[in-house]
Protein chains: 2
Amino acid sequence: MSWQKDRRAERGYHHGNLKEALLQAALDLISQKGPAGFTFADAARMAGVSPAAPYRHFRDRDELLSSIAQRGFEQFEALLTQAWDDGRPDTVTAFERVGKAYLAFARNEPAFYSAMFESGLPVDANPTLMAASERAFAIIRAAAERLAAMAPPGMPRPPAMMMALHIWSMSHGVASLFGRGDAARRKLPMSPEELLEAEVLIYLRGLGFPTDRRPSDQKPPGPPPVPPSGGPWGTPK
Amino acid sequence: MSWQKDRRAERGYHHGNLKEALLQAALDLISQKGPAGFTFADAARMAGVSPAAPYRHFRDRDELLSSIAQRGFEQFEALLTQAWDDGRPDTVTAFERVGKAYLAFARNEPAFYSAMFESGLPVDANPTLMAASERAFAIIRAAAERLAAMAPPGMPRPPAMMMALHIWSMSHGVASLFGRGDAARRKLPMSPEELLEAEVLIYLRGLGFPTDRRPSDQKPPGPPPVPPSGGPWGTPK
DNA sequence: GGCTCATGTAAAAGCTATTCACATGAGCTG
DNA sequence: CAGCTCATGTGAATAGCTTTTACATGAGCC
């Protein structure tokens with residue numbers, strides 16, 4: 001009960017790291033109660049400061065949300081960059097790793113994810129945020145360009161940009177509808193990862209890519225995440 | 001200024017149709033300011049009643065939101081049913097009409113759409129809502145089943161349910177990322193409809209469907225919604 | 001030591017959600 | 001048609017949030 005005062009006594013008049021503490025508190029709150037449930041006053045309480053203190057660091061509640069979305073895009077970009085790993089060991093493998101990373105981010109960082117995509121923030125009204133968002137998307141586009149370059153030459157194919165948008169929409173659709181631990185999730189007869197992997201493989205086949213990969217093909221050894229069966233889905237009936 | 005009292009004089013003590021009026025007011029507010037910006041008190045004001053009146057019709061703010069989502073799913077189902085039109089004049093044409101209907105709904109009914117998909121409502125905690133959601137999805141599943149039945153027999157193919165989930169995720173991804181008039185939209189070098197149509201066509205080709213449809217194929221005459229070019233996308237470079 | 005400014009606090013105004021006791025009148029009942 | 005009843009509204013009150021303003025504190029610098 002005397003929690004805040006204890007903290008106050010501990011730290012003195014000045015917090016010392018309030019901005020960080022508020023961001024962290026907001027993240028916790030958002031992951032618990034969604035971006036709508038998060039409260040400026042709650043974050044202040046959690047940091048042990050008065051309700052007015054946060055205004056020294058953020059113009060208003062929305063600016064705090066924007067900051068979180070901003071960080072989210074940065075972490076997202078880092079994660080996608082790492083997953084893509086410049087296309088190693090081979091383009092298709094790396095490509096699928098990016099898809100899985102997308103889902104992993106949505107699942108492991110629901111607070112970031114909802115601040116980024118579901119908070120109703122006007123992304124295009126905030127240049128900084130927009131830029132961060134585009135840097136993240138650029139990873140997907142780079143991957144799509146690499147993929148487009150190795151597409152079978154005989155077939156007509158869409159611009160790399162369009163491929164990137166296709167992949168983005170698939171990933172985002174699966175993540176939004178089925179990917180969170182949220183109550184907003186829908187039941188699914190399989191994992192989101194399996195669903196997305198199959199979707200992307202069918203799409204790539206539609207572009208003329210051979211997709212009959214065997215687990216030993218070019219991937220490093222290890223437990224295959226998907227049991228090898230007839231294809232990206234279960235045994236055909 | 002004496003607006004509410006005028007209304008009050010007009011209608012007397014009892015509103016007569018308050019529940020409907022509140023739902024309509026909430027829709028207006030949500031389409032203007034997003035699901036987070038909508039306020040119970042505002043809706044009451046707009047209907048010309050006291051802030052306590054809505055509680056005679058909805059347990060709380062969330063129940064009103066749920067009702068809107070509920071209606072949204074019903075209208076959505078009706079729209080998809082009409083678009084699917086039981087697969088006429090041919091399965092693929094009808095299928096694409098469903099995709100367009102999905103985008104049209106997101107664009108024309110942003111308030112419903114956000115209440116349904118972005119309000120953070122616990123869909124799976126509300127059986128009625130869940131059921132409505134599933135009825136809407138059932139249309140997509142029915143379409144996918146019809147499509148699966150006419151898939152080329154030579155190729156392995158995923159369960160119809162999975163195809164339906166794939167299509168849903170594509171539609172939802174495109175609609176969420178690019179499909180609204182919102183500020184949340186991203187810039188796009190093409191229309192969401194074109195993007196989704198190309199995506200679905202590539203996917204279908206990946207399943208072995210021939211997708212070199214000509215405008216005169218089986219479609220009734222009329223202005224083709226997409227200018228006939230080399231394929232579902234622009235001229236290959 | 002003393003000054004200054006970033007950082008916090010307290011208090012207040014204005015908003016919202018929600019509840020409760022009370023008012024109204026629409027529609028049934030006789 | 002009189003009277004009753006109950007669904008539907010009202011007013012007022014509580015509690016919480018956001019944001020602003022005047023004031024307090026003390027960390028860092030001369």
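As a basis for the values below, the full set of heavy atoms in this structure was taken, side chains included, without hydrogen atoms, waters or symmetry mates. None of the values given here were measured: they were computed from a predicted structure. Order of the sequence lines sets the chain letters (A, B, ...), proteins ahead of strands, with each chain counted from 1.
Figure legend: cation-pi geometry between A/K19 and A/F58, with NZ or CZ positioned under 6.0 Å from the six-membered ring centre and within 45° of its axis.
Taking atom CZ of residue A/F58 and atom P of nucleotide D/dT20, one finds them 16 Å apart after rounding to whole Å. For the pair A/L29 CG and D/dG16 P, the computed distance is 16 Å after rounding to whole Å. D/dA7 atom P lies 10 Å from atom CZ of B/R56, rounded to whole Å. Atom-to-atom, CG of B/L22 to P of D/dT8 comes out at 12 Å; the value is rounded to the nearest Å.
Taking all atoms of both residues into account, the shortest heavy-atom contact from B/P192 to B/V174 is O-CG1, 3.8 Å.
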With sugar-phosphate taken as primed atoms, P, OP1 and OP2 and all else as base, the protein-contact string of nucleotides 25-30 of chain D at under 4.0 Å (heavy atoms; B, S, -) is BS----

5' to 3', nucleotides 13-18 of chain C under a 4.0 Å protein heavy-atom cut-off (B base, S sugar-phosphate only, - none) gives ---SSB

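Note: B/F105 and B/F76 have tilted aromatic rings, judged against thresholds of 30 and 60 degrees for the angle between ring planes.
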Report, one line per pair, each donor and acceptor closer than 3.5 Å where one atom sits in a side chain of residues 138-146 of chain B; sequence neighbours left out.
{"residue": "B/R146", "atom": "NH1", "partner": "B/D86", "partner atom": "O", "Å": "3.4"}
{"residue": "B/R146", "atom": "NH2", "partner": "B/D86", "partner atom": "O", "Å": "3.3"}
{"residue": "B/R146", "atom": "NH2", "partner": "B/D86", "partner atom": "OD1", "Å": "2.9"}

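A/Q70 and A/T128 form no side-chain donor-acceptor contact under 3.5 Å, judged by distance and modelled atom types alone. For the 3.5 Å distance criterion, the side chains of A/H172 and A/Y102 qualify, holding a donor opposite an acceptor.
Checked by atom type and distance alone, the side chain of B/T39 never pairs as donor or acceptor with a backbone atom of B/D42 at under 3.5 Å.
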Evaluate side-chain contact (heavy atoms from CB on, under 4.5 Å) for B/F178 paired with A/W168, printing each intermediate quantity in order. CA-CA 11 Å; B/F178 314 107; A/W168 193 13; 3.8 Å; yes

